[in-house]
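All values reported here derive from a predicted model rather than from experimental measurement. In each ligand, atom 1 is the first atom listed, and ligand 1 is the first ligand listed.
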Amino acid sequence: MEKINLASIPTKIEKAQFLTTLLSKNIFIKRDDYTGIEFSGNKIRKLEYLLKEAKDSGCTSVITTGGLQSNHCRATVAACVKIGLKPHILLRKSQEVINQGNLLLDKIFDAKIHFCTPEEYRDNRDQIMITIAQDSISNGEKMYIIPEGGSNALGSMGYYDAMKEIVKQEKENNISFDTIVVAVGSGGTYSGLYSANMVNNYKKRVVGYAVCDDSLYFTKKISLINDNLSHYLKLDTPIDNNLIEIYDNYKGVGYALNTQEELELIKYIAKNQGLILDPVYTIKAMNGLIDMIKKGHFENSQNILFIH
Ligand SMILES: *Cc1c(COP(=O)(O)O)cnc(C)c1O
């Protein structure tokens, strides 16, 4: 499978000295917040594959979907503009629309923004995107549809590659990570990391912390993506889904909502470790990691890599 090069990769891996001392485990951070400026974060690795397919199939525009302040939508918009595709985004209007953050960037990039209600988003987002894509034909557009979070088999190839990148960095730095930890919002990132681990027999533990929905939902969704990926990769034996490990007890009060404790933890890690975690995803995964280390759930892990 081919991709378009858009991300600044490989991203560096840093030892987190304060967290290492605090937790008595070697904690390393993979700085995927450094994949770029306009499209920083994890989504651009998936988009390198998805947008290649969009281009190759002769599409002129792209539609994807997410929350009002979706990182994925912002990354898609920025990447589309860069390679000459017109971006459309379907945003869940769950709160008052204020021009700030990712939404402001979406507008500066001149994305065509469509809104839907939280109910429409939950029940019908894919159908709404299909309708928008069909309607766009009359404007002479050919639209490529990307699911929420870019989380399908093709998108997850971005993190399949990222796992290989990690293993290459292990060899270069003479270290071995026994556990990889990542936040889970739509499952594609976890799926890619997990699949590469299974297919290449890296023998790592891949731990995911859900920021929405629950562990059963994600285990099913990720299994499905993995099954599709097995087809894509023409594997003789499909990827074994029995080691998928997703925890849902660190979501806190809900998606994109924070408890006072989580906000305090952001500040605590910022001032002691010099690392800014984000309130929607990485703080929840970090909270889960710290708590589960304290409770002895990482007894067999010594070198832990946290995907930021
Ligand atoms: C989307 C996102 C995640 C989760 O990735 P999924 O592939 O959607 O599970 C984690 N962290 C950040 C910052 C994200 O934007």
Q) Measuring from I13:CD1 to L305:CG, what's the distance to the nearest 0.5 Å? A) 5.0 Å
Q | Contact atoms of ligand 1, heavy-atom distance to T189 under 4.0 Å | A | 5 (O), 6 (P), 7 (O)
Q. If you count the atoms of ligand 1 from 1 in the order shown, which ones are under 4.0 Å from a heavy atom of V184?
A. 9 (O)
Q.
With rounding to the nearest 0.5 angstrom, report the CG to CD1 distance, L275 to I27.
A. 12.0 Å
Q: Kindly assign one of parallel, tilted or perpendicular to the pair Y250 and Y209, based on the angle between their ring planes and the thresholds 30° and 60°.
A: perpendicular
Q) Of all the atoms in ligand 1, which lie at a distance below 4.0 Å from a heavy atom belonging to G187? A) 6 (P), 7 (O), 8 (O), 9 (O)
(Q) With nothing but distance in play, are any N or O atoms of G149 less than 3.5 Å from an N or O of ligand 1? (A) no
Q.
Taking the basic N atoms (NZ, or NE/NH1/NH2) and the acidic carboxylate oxygens, is any pair closer than 4.0 Å for E48 and K52?
A. no
(Q) Give the atom numbers and elements of ligand 1 that come within less than 4.0 Å of a heavy atom of N71. (A) 13 (C), 14 (C), 15 (O)
Q) Among protein heavy atoms, which lies nearest atom 14 (C) of ligand 1, and at what distance? A) K43 NZ, 2.9 Å
Q. Hey, does K46 come in under 3.5 Å of ligand 1, counting only N/O atoms on both sides?
A. yes
**Q.** Heteroatom proximity flag, T282 to ligand 1, N/O under 3.5 Å
**A.** no
(Q) Closer than 4.0 angstrom, basic N to acidic O: yes or no for K12 and E14? (A) yes
Q.
Within the 4.0 Å heavy-atom shell around S151, which atoms of ligand 1 are there?
A. 7 (O)
Q) Between K93 and E120, is there a side-chain N and carboxylate O pair less than 4.0 Å apart? A) no
Q: List every atom of ligand 1 that sits less than 4.0 Å from any heavy atom of G185, numbering the atoms from 1 in the order shown and giving each element.
A: 4 (C), 6 (P), 8 (O), 9 (O)
**Q.** Which of the ligand 1 atoms, numbered from 1, are nearer than 4.0 Å to a heavy atom of S186
**A.** 6 (P), 7 (O), 8 (O), 9 (O)
Q) Among L193, I304, T282, I29, which residue meets the side-chain contact (heavy atoms from CB on, under 4.5 Å) test with V181? A) I304
**Q.** Parallel, tilted or perpendicular: rings of Y190 and Y194 (30°, 60°)
**A.** parallel
Q. Which ligand 1 atoms does G188 reach within 4.0 Å, using its non-hydrogen atoms?
A. 7 (O)
Q) In the protein, which heavy atom is nearest to atom 5 (O) of ligand 1, and how far is it? A) N42 ND2, 3.0 Å
Q: Considering only NZ, NE, NH1 and NH2 on the basic side and carboxylate oxygens on the acidic side, decide whether R45 and E165 come within less than 4.0 Å.
A: yes
